[in-house]
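What follows is a single structure, written as structure tokens, with notes after it.
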Amino acid sequence: KFQRDPELWKEYSEAIESYEREGYAEVVPPHELVGQPGRVFYLMHHHVRHPRKKKIRIVFNASAKYRGISLNDCIQSCPDLLESVVGILIRFRVGPIAVAADIRAFFSQVWIAPEDRDLNRYLWYVDQSLTELKVLRMIAHGFGGVASQACSVHARDRSVSDAVERGEVEQEVAAKAEKMFYSDDLLGSFFSMESARILIQTITAALKKDGFDLTKIKSNNRGLQELLGGEQTDDRVEVMSHEAALGVTWHLSTDEICYG
């Protein structure tokens with residue numbers, strides 16, 4: 001398939017090789033290739049393309065079964081730690097000042113326990129000749145694992161609660177911020193520029209200490225936008241972009257949320 005479609009090869013190889021390049025995956029050393037009995041599992045992978053985005057995303061199919069069992073079958077069911085989509089969207093329109101942002105490469109910032117990494121192995125080509133394979137394993141969580149969402153949300157919330165314990169974030173601010181997050185997306189509304197600035201800046205700093213980078217911060221208030229950095233280069237902001245079925249877009253100039 002890659003030989004027939006060079007453009008797909010270019011996109012796919014760039015996406016999957018970025019895991020190793022960014023330190024989210026590593027090549028398994030030759031002396032560790034055999035692995036411990038019962039502690040090695042190879043994941044198939046494929047790509048998905050967001051209907052409104054250009055880049056592809058690699059999904060590691062932890063639900064694929066081998067001899068009747070998948071990696072996801074072996075992982076204890078995780079609690080649903082996500083906030084209500086409806087609740088977030090309603091709260092997003094309570095105050096006159098709104099802010100949207102997201103955490104860059106959210107799952108990839110949360111590491112897999114070293115003893116579990118060989119259960120997240122995968123194969124990829126050494127080069128474009130497609131003649132030789134290399135064995136890699138995930139260091140961080142990826143898309144497709146049943147535990148990725150819960151582990152990442154817990155780590156995100158732990159980063160903020162740790163900042164509260166250190167006295168860097170007020171408890172009230174932390175509680176408000178937690179209600180504004182849906183996975184890696186933040187959607188919040190405020191009644192003043194100052195309260196918005198304090199929450200966004202303190203939460204950004206708290207997350208940064210544990211490797212979470214809150215980016216693409218957008219506001220319908222130009223003064224706040226200047227305080228937080230960046231410019232309103234795009235009038236359209238996708239909210240909850242990973243929820244493709246929602247198709248919700250926030251128009252900054254008119255301050256309207258549109259569907260479709």
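Scope of the values below: all heavy atoms of this structure, side chains included, with no hydrogens, waters or symmetry mates. Predicted model only: the values in this text are computed from it and were never measured.
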* **Residue pair V40 / G35: nearest heavy atoms and the distance that separates them** => CG2-CA, 3.8 Å
* Asked: Is D116 paired with R39 through a side-chain N to carboxylate O contact shorter than 4.0 Å?
  -> yes
* Return yes if a side-chain donor-acceptor contact under 3.5 Å exists between S159 and D162, otherwise no. => no
* Structure fact -> So NZ of K179 and CG of L187: to nearest 0.5 Å the spacing works out to 14.5 Å
* To do: Verify the distance criterion only: is there a donor paired with an acceptor across the side chains of H45 and Y19 at less than 3.5 Å?
  => no
* Asked: Name the one of V160, V173, L207 that satisfies side-chain contact (heavy atoms from CB on, under 4.5 Å) with T202?
  -> V173
* List the steps, then state whether side-chain hydrogen bond (donor to acceptor under 3.5 Å, both in side chains) holds for E256 with T254. => CA-CA 5 Å; E256 295 176 327; T254 60; 3.2 Å; yes
* Asked: Ring centroid separation for Y122 and F60, is it under 6.0 angstrom?
  -> yes
* Under a 4.5 Å cut-off applied to non-hydrogen side-chain atoms, are H251 and C258 in contact? -> yes
* To do: Determine the interplanar angle of the W9 and W124 rings, folded into 0 to 90°, and report it as parallel if under 30°, tilted if 30 to 60°, perpendicular if over 60°.
  => parallel
* Asked: Does a side chain donor of either W250 or D255 reach within less than 3.5 Å of an acceptor in the other side chain?
  -> yes
* Taking the six-membered ring of F41 (Phe, Tyr or Trp), confirm whether the NZ or CZ of R121 is under 6.0 Å from its centre and within 45° of its axis. => no
* To do: Measure the acute angle between the ring planes of Y125 and F2, then classify it against the limits of 30° and 60° as parallel, tilted or perpendicular.
  => perpendicular
